[in-house]
Colleague: 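This is the structure I have questions about; it appears just below.
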Amino acid sequence: MKTKAAVLYEAGKAFEIEELEIVRPDAEEVLVRYDYSGLCHSDLHMVKGHLPFRAPMVFGHEGAGEILEVGSHVTGFAPGDHFVASFYPVCGRCRWCATGNSRLCDLGANGLEGFLPGGRFPFTGRNGDYGSMMTLGTFSQYATVHRNSIVRIDGDLPLDKAALVGCGVPTGWGSAVNSAEVRPGDTVVVYGIGGIGINAVQGAAYAGAQHLVAVDPAPNKLEYAKRFGATHTAATAAEAQELVRQLTHGVGADSAIITVDELVADVVAAAAEVISKGGTVVITSMGQYEDETIRLSGVQLALWGKRIQGSLYGGCNPLYDIPKLLSLYRTGHVKLDELITNVYSLEQVNQGYDDLMAHRNIRGIIAHEH
Ligand SMILES: NC(=O)c1ccc[n+]([C@@H]2O[C@H](COP(=O)([O-])OP(=O)(O)OC[C@H]3O[C@@H](n4cnc5c(N)ncnc54)[C@H](O)[C@@H]3O)[C@@H](O)[C@H]2O)c1
Ligand SMILES: [Zn+2]
Ligand SMILES: [Zn+2]
């Protein structure tokens with residue numbers, strides 16, 4: 001079966017739209033049709049050369065659609081089912097899954113090499129084998145994916161909104177609710193209001209933050225943050241520091257969540273400064289893999305009991321959190337409709353990322369044609 005997909009050959013280049021052949025699903029795999037795919041900043045870290053990947057690769061790791069065919073050993077899914085693609089698979093059996101840390105599942109290890117669990121590459125084309133980002137490749141009309149990478153959802157949910165629950169929503173929401181452990185009455189600072197940060201804002205607001213300070217140099221992002229529950233906004237970390245000092249009478253914030261596009265040492269230092277004794281800095285942002293982006297006094301961390309917490313997938317378990325977030329969407333407690341700021345065709349994927357970098361999007365999405 002053929003598909004049209006957005007492929008990256010090397011860092012610094014644009015995505016190329018190419019026709020590829022999809023490998024037939026094996027016993028544990030499913031053939032899917034992607035209807036929508038979100039444009040997350042993580043793909044750009046490969047484009048910018050921050051994170052290594054095996055080329056050629058079909059990009060995109062935030063998607064939803066319909067199951068077309070299931071492998072002979074696949075249970076729990078049937079053709080016609082709707083699904084959300086989870087950017088990290090869950091095997092349910094490895095040490096990490098078995099101890100409640102499914103976001104670290106061993107099956108996710110080859111996400112940037114792009115071969116399916118079992119070793120096969122999901123696509124072939126004029127340049128041989130093609131991998132898929134996070135073994136999903138949602139910038140493709142169709143794909144073969146592992147059963148552990150998809151979560152079945154109710155058929156009546158809108159798939160464009162559901163797609164965002166495969167990465168951006170749980171990552172941001174969970175950065176606040178799980179990794180920062182925001183509690184009622186907390187003071188929370190979120191640095192960077194994109195598709196991830198806006199969900200950290202709505203997670204922190206739902207968890208009961210009293211003072212919720214959104215920081216972003218782009219004024220339109222701060223307007224969005226207010227609509228999602230931010231009580232205060234700041235254009236710079238220095239402004240946020242002063243706001244928090246006033247709001248907490250000099251005590252400091254309970255937590256600071258970093259969701260800027262590119263992790264740099266200055267933001268980590270500002271976040272470590274803005275929190276109180278016993279406070280937590282959550283690092284969710286990606287950036288240049290080799291850079292030392294934490295430069296802090298370890299003695300100060302020890303003396304004041306501060307915590308620096310790395311966060312992948314917001315500490316979420318897709319099997320639990322994807323249905324929960326969609327249920328909260330149904331009852332109006334989680335906003336998804338308002339996250340989508342632009343819709344693109346697959347051919348417009350590079351335009352979509354230009355818009356992301358120009359701060360024109362909270363989340364842009366690709367609507368696939370079939
Ligand atoms: N840890 C994970 O599991 C995970 C998952 C998905 C994405 N990410 C990462 O999260 C980050 C955010 O992704 P996104 O899709 O929301 O990006 P985005 O481009 O939509 O948003 C980033 C925002 O950060 C703002 N910003 C830049 N520098 C800033 C600064 N110094 N202070 C305050 N704000 C600043 C930008 O103006 C922009 O609004 C990326 O690095 C992405 O790779 C991590
Ligand atoms: Zn993502
Ligand atoms: Zn596992």
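All values below come from the heavy atoms of this structure, side chains included, with hydrogens, waters and symmetry mates left out. Atoms within a ligand are numbered from 1 in the order they appear, just like the ligands themselves.
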Colleague: List the closest protein heavy-atom neighbour of atom 11 (C) of ligand 1: residue, atom name, distance to the nearest 0.1 Å.
Modeller: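 Here the nearest protein heavy atom works out to V260 O, 3.3 Å.
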Colleague: Taking only heavy atoms of L356, which atoms of ligand 1 are found under 4.0 Å from at least one of them?
Modeller: 19 (O), 20 (O)
Colleague: Are any of the N or O atoms of G195 closer than 3.5 Å to those of ligand 1?
Modeller: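 Yes: some nitrogen or oxygen of G195 is under 3.5 Å from one in ligand 1.
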Colleague: Test your reading of the structure: does Y191 have an N or O sitting under 3.5 Å from an N or O of ligand 1?
Modeller: no
Colleague: For atom 4 (C) of ligand 1, what's the nearest protein heavy atom and its distance?
Modeller: T171 CG2, 3.6 Å
Colleague: Using a 4.0 Å cut-off to any heavy atom of H45, which atoms of ligand 1 qualify?
Modeller: 40 (C), 41 (O), 42 (C), 43 (O)
Colleague: Can you tell me which residue among F15, F139, Y353 is in a ring-ring contact (aromatic ring centres under 6.0 Å, His included) with F59?
Modeller: F15
Colleague: State whether the side chain of N317 and the backbone N or O of L319 hold a donor-acceptor pair below 3.5 Å, judged by distance alone.
Modeller: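 Yes: the side chain of N317 pairs with the backbone of L319.
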Colleague: Given 3.5 Å as the limit, does a donor-acceptor pair link the side chain of S140 with the main chain of A143, or not?
Modeller: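 Checking the backbone N and O of A143 against the side chain of S140, no donor-acceptor pair under 3.5 Å is found.
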Colleague: Does I196 reach ligand 1 with a nitrogen or oxygen that is under 3.5 Å from one of the ligand's nitrogen or oxygen atoms?
Modeller: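 N/O-N/O distance under 3.5 Å: yes.
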Colleague: Measure from atom 1 (N) of ligand 1 to every heavy atom in S311, G197, A358, G287 and give the option owning the shortest one.
Modeller: S311
Colleague: Can you tell me which residue and heavy atom of the protein come closest to atom 41 (O) of ligand 1, and the distance to 0.1 Å?
Modeller: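 The protein heavy atom lying closest is D261 O, 2.7 Å.
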Colleague: Looking at atom 17 (O) of ligand 1, what's its closest protein heavy atom, distance included?
Modeller: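 The closest one turns out to be H41 CB, 3.2 Å.
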Colleague: Compute the ring centroids of Y36 and H368, then answer whether they are less than 6.0 Å apart.
Modeller: no
Colleague: Which of the atoms of ligand 1 are close to M286, meaning less than 4.0 Å from one of its heavy atoms?
Modeller: 1 (N), 9 (C), 41 (O), 43 (O)
Colleague: Angle between ring planes, Y130 versus Y9, binned at 30° and 60°: parallel, tilted or perpendicular?
Modeller: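 Taking Y9 first and then Y130, their aromatic rings stand perpendicular (interplane angle over 60°).
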Colleague: Considering non-hydrogen atoms of the protein only, which is the closest contact for atom 8 (N) of ligand 1, and what is the distance?
Modeller: S42 OG, 3.4 Å
Colleague: Would a distance-only check, ignoring hydrogens and angles, find a side-chain to backbone donor-acceptor pair under 3.5 Å from S179 to S311?
Modeller: no
Colleague: Has the side chain of T293 got a donor or acceptor atom that lies under 3.5 Å from a matching backbone atom of L263?
Modeller: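 It does not hold such a pair.
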Colleague: Could you see which bit of A237 sits under 4.0 Å from ligand 1, with heavy atoms only: side chain, backbone, both or neither?
Modeller: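 Neither; nothing of A237 gets under 4.0 Å from ligand 1.
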Colleague: Determine whether a donor-acceptor pair (N or O, by modelled atom type, separation under 3.5 Å) exists between the side chain of H359 and the backbone of K221.
Modeller: no
Colleague: Just need the protein heavy atom nearest to atom 12 (C) of ligand 1, so name the residue and atom and give the distance.
Modeller: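 Of every protein heavy atom, T259 O, 3.4 Å lies nearest to atom 12 (C) of ligand 1.
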Colleague: Less than 3.5 Å between some nitrogen or oxygen of Y313 and one of ligand 1, yes or no?
Modeller: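 Yes; the residue has a nitrogen or oxygen that sits under 3.5 Å from a nitrogen or oxygen of the ligand.
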Colleague: Taking the Zn ion (ligand 3) as the vertex, what is the angle from SG of C94 to SG of C105, given to 10 degrees?
Modeller: 120°
Colleague: Residue-level breakdown please: for V267 versus ligand 1, do any non-hydrogen atoms fall below 4.0 Å on the side chain, on the backbone, on both, or on neither?
Modeller: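 It is the side chain that touches ligand 1; the backbone stays farther off.
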Colleague: Taking the six-membered ring for Trp, are F121 and F115 parallel (under 30°), tilted (30 to 60°) or perpendicular (over 60°)?
Modeller: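 F121 and F115: perpendicular rings.
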Colleague: If the cut-off is 2.8 Å, does any N/O/S atom of H41 fall short of it from the Zn ion (ligand 2)?
Modeller: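 No.
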Colleague: Salt bridge or not for E262 and K48, using N-O below 4.0 Å?
Modeller: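 Result for this pair is yes, salt bridge flagged.
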Colleague: Can you give me the SG-the Zn ion (ligand 2)-NE2 angle for C40 and H61, to 10°?
Modeller: 110°
Colleague: Side chain or backbone, does A218 bring an N or O within less than 3.5 Å of an N or O on ligand 1?
Modeller: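 Not met; the criterion fails.
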Colleague: Please check whether H61 reaches ligand 1 - meaning an N/O of the residue sits under 3.5 Å from an N/O of the ligand, judged on distance alone.
Modeller: no
Colleague: Kindly say whether G197 contributes a backbone atom to a donor-acceptor pair with the side chain of N199 at under 3.5 angstrom?
Modeller: no
Colleague: Could you see if Y142 belongs to whatever hydrophobic cluster contains L346? Use Ile, Leu, Val, Met, Phe, Trp, Tyr and a side-chain cutoff under 4.5 Å.
Modeller: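 Looking at the clustering, L346 is in a separate group from Y142.
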Colleague: Run the numbers for me: atoms of ligand 1, each under 4.0 Å from some heavy atom of C167, listed by number.
Modeller: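 Those qualifying, in numeric order: 5 (C), 6 (C).
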Colleague: Starting at CD1 of I198, measure out to CG of L164 and round the result to the nearest 0.5 Å.
Modeller: 12.5 Å
Colleague: In this structure, does ligand 1 have an atom that sits under 4.0 Å from one of the heavy atoms of R363?
Modeller: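 Within the 4.0 Å threshold, so yes.
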Colleague: T284 to ligand 1: N or O pair under 3.5 Å?
Modeller: yes
Colleague: When you measure from the heavy atoms of F87 to every atom of ligand 1, does any distance fall below 4.0 Å?
Modeller: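 A heavy atom of F87 does come that close to ligand 1.
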Colleague: Measure from the side-chain N and O atoms of E28 to the backbone N and O of G71, and report whether any donor-acceptor pair falls under 3.5 Å.
Modeller: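 No, E28 side chain to G71 backbone: no donor-acceptor pair under 3.5 Å.
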Colleague: To which protein heavy atom is atom 38 (C) of ligand 1 closest, and what is the distance rounded to 0.1 Å?
Modeller: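 Going atom by atom, the protein heavy atom closest to atom 38 (C) of ligand 1 ends up being D216 OD2, 3.4 Å.
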Colleague: Is a side-chain N or O of D35 found less than 3.5 angstrom from the main chain of L159, in a donor-acceptor match?
Modeller: no
Colleague: Closer than 4.0 Å to some heavy atom of C40 - which atoms of ligand 1 meet that?
Modeller: 6 (C), 7 (C)
Colleague: So which bit of M357 gets within less than 4.0 Å of ligand 1, heavy atoms only: side chain, backbone, both or neither?
Modeller: neither
Colleague: What is the ring orientation for F83 with Y34, classed by angle as parallel under 30°, tilted 30 to 60°, or perpendicular over 60°?
Modeller: tilted
Colleague: Report the nearest protein non-hydrogen atom to atom 21 (O) of ligand 1: residue, atom name, distance rounded to 0.1 Å.
Modeller: G194 CA, 3.2 Å
Colleague: Below a 4.0 angstrom heavy-atom separation, can you tell me which part of K221, side chain or backbone, both or neither, approaches ligand 1?
Modeller: side chain
Colleague: Can you tell me if Q202 uses its side chain to pair, donor with acceptor, with the backbone of K335 under 3.5 Å?
Modeller: yes
